[in-house]
**Student:** 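Pasting a structure below so you can have a look.
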Amino acid sequence: MTDLFSKFDPLIEQRRALLSTGLTDPFNLVMEKVLSPTEAVCNGKPTILLGTYNYMGMTFDPDVIEAGKQALDDFGSGTTGSRVLNGTYAGHRLVEDALKEFYAMDHAMVFSTGYQANLGIISTIAGKGDYIVLDIDSHASIWDGCKLGDAEVVPFKHNDIEAMDKRLGRIPEGAGKLVILEGVYSMLGDIAPLKEMIAVAKKHGAMVLVDEAHSMGFIGPNGRGVAEDQGCLEDVDFVIGTFSKSVGTVGGFCVSNHPKFEIMRLVCRPYVFTASLPPSVVHTAATSIRKLMHAGNKRAHLWENSKILHKGLRDAGFKLGTETPQSAIIAVIMPDLERGAMMWEALLHEGLYVNLARPPATPANMTLLRCSLCAEHTSEQVQTIIEMFKRAGNAVGILD
Amino acid sequence: MDRAATAAKIAELIAPFNKKGVELTDASTFAGDLEFDSLTVMDFVAEIEDAFDIIISMNAQAEIENYGQLIDAVVKLQG
């Protein structure tokens, strides 16, 4: 039968073929019980979590949990409304104030998810006749924001400063320009040369939006991200971030120093036409963000974990996404989807959860086992993880 | 550059991407006949952009399905 679902047939067939070998479905895992930021029970088995983006381990922080429980008692389970109608509670202001302080910026606007923050800001500021120049490896939410806004979309080769420069130079005189970059690219865990790229963008008179989803809380002296670390945060017009990684809950945001920024609350459709975050979420987020301001020791331990795991996997003979550890993401490159899925399953049997990432989410059609470390992983856990990788790699025949 | 000169230059640029040596006509499609995947499209578009000093935005790319449409678009984009 041919209908609107026929276009999915190749994917359905690929999944069927993969699962017919008896493999566990990598995209259907259930966490039956979550014991801590670094451990859960999957298929009845205690499992070390190495694919959660829970970088700073805030999900079980006692102060964060307490703030959420209190908010449930004081404000109820949900707002049932848009931020511009009945959906702005004290907690929404509280978390926006915490963000302004965290980034030392004038304005903060909270969205229901990080996806919506990109979708909303990009589509609203870059419209018909404007030009968006963006890195080809940008996150899906950035691409979708571009598509929603009707601007002319011009991608350039990943982290290629010259390619970006050339494209900006070809934009017709007088057109509005927005450059979109990410601090950390989540698939390979590599960072962008933001300082150089932003200087080029500014030379062409472009506004700059940087997605710091994977660096907030961890990278930079105050955890403000890669732009802070490279000393160019003041040249970024819009920082996009999320609560679903280091902050440890759900939600997205944009912070900015633009003097007219507040008008976004009235014109940004993914902000207006959706319900606001539940009170418990904004109170947990506000508490977590404030604690992340003083998390220097955790940041140092997370760097240590990332460096040890990167070296351990490299020494074991795995091919990694970056030559050096650049973030808390370490991507292990698999020879193909089939062996990637086998390796993923072998690791799960060892008691380790990582993300299986495959095209089209990955660059260059790669299959990746993506590991994201947590500041709460102990040094012993990291050693255990390296041993698990070695055993699984030998069992699947990925290591020679 | 007129259409003939533009076409000649594009023919030169596409050669290394035409791995199967498909005989090109204006009706040859990139996805079907040339079997370009998204990565190949990206690299090929970058080559064309740099060679002619133009921008072929994603919006414009969406309208270009075959070889003839590409030549027409490049002629137009050169102004």
Side-chain angles (χ1 to χ4, degrees), chain A residues 7 10 122-123 126-138 140 142-180 187 204 206 358-367, chain B residues 1-3 5-10 12-20 22 29-79:
Chain A
K7 59 173 96 54
I122 295 167
S123 66
K128 206 164 173 56
D130 298 327
Y131 280 75
I132 296 174
V133 176
L134 80 169
D135 192 291
I136 192 86
D137 286 351
S138 294
I142 292 173
W143 287 107
D144 291 356
C146 292
K147 206 162 184 177
L148 188 65
D150 285 332
E152 294 293 321
V153 180
V154 183
F156 61 86
K157 192 167 166 244
H158 179 53
N159 275 351
D160 188 329
I161 302 170
E162 194 195 335
M164 183 186 92
D165 191 10
K166 279 191 208 159
R167 275 151 192 80
L168 279 164
R170 293 175 193 147
I171 293 173
E173 192 87 24
K177 306 180 199 71
L178 175 66
V179 167
I180 303 180
M187 283 298 149
H204 290 282
R358 50 145 208 197
T362 52
N365 291 327
M366 282 188 277
T367 297
Chain B
M1 217 181 275
D2 64 14
R3 197 178 193 280
T6 301
K9 183 141 188 193
I10 292 176
E12 216 173 278
L13 292 167
I14 203 167
F17 293 91
N18 186 1
K19 298 231 165 67
K20 290 191 171 164
V22 176
T29 61
F30 294 101
D33 298 328
L34 283 151
E35 296 178 23
F36 277 16
D37 61 14
S38 59
L39 285 173
T40 311
V41 168
M42 182 191 90
D43 289 339
F44 178 57
V45 167
E47 287 276 325
I48 299 276
E49 286 181 324
D50 288 349
F52 292 94
D53 198 26
I54 54 171
I55 286 180
I56 309 175
S57 69
M58 302 280 286
N59 322 48
Q61 288 172 39
E63 305 292 317
I64 302 170
E65 285 176 0
N66 66 38
Y67 191 62
Q69 287 166 345
L70 174 69
I71 297 168
D72 292 339
V74 173
V75 170
K76 198 171 150 216
L77 285 163
Q78 290 176 93

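Note that the structure is predicted; figures quoted are calculated from it, not measured. Labels below follow one simple rule: chain letters A, B, ... track the order of the sequence lines, proteins then strands, and each chain is numbered from 1.
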**Student:** Given that the side chain runs from C-beta out, which part of A364(A) has a heavy atom under 4.5 Å from chain B: side chain, backbone, both or neither?
**Tutor:** both

**Student:** When rounded to the nearest 0.5 angstrom, what distance separates CE in M58(B) from CD1 in I132(A)?
**Tutor:** 11.0 Å

**Student:** What distance separates K128(A) NZ from N59(B) CG, expressed to the nearest 0.5 Å?
**Tutor:** 8.0 Å

**Student:** With a sphere of 6.0 Å drawn around CD of E162(A), does it hold more than 12 non-hydrogen atoms of other residues, nucleotides or ligands?
**Tutor:** no

**Student:** Enter the distance from I55(B):CD1 to F156(A):CZ here, rounded to the nearest 0.5 Å.
**Tutor:** 12.5 Å

**Student:** Kindly indicate whether the side chain of S57(B), heavy atoms from C-beta on, has any atom under 4.5 Å from the side chain of V153(A).
**Tutor:** no

**Student:** Assess whether atom NZ of K20(B) is packed by more than 12 heavy atoms of other residues, nucleotides or ligands within 6.0 Å.
**Tutor:** no

**Student:** Is it the case that atom NZ in K166(A) sees more than 12 heavy atoms from other parts of the structure closer than 6.0 Å?
**Tutor:** yes

**Student:** When only pairs under 4.5 Å are counted, which of I54(B), I56(B), D43(B), D37(B) shares the most heavy-atom pairs with chain A?
**Tutor:** I54(B)

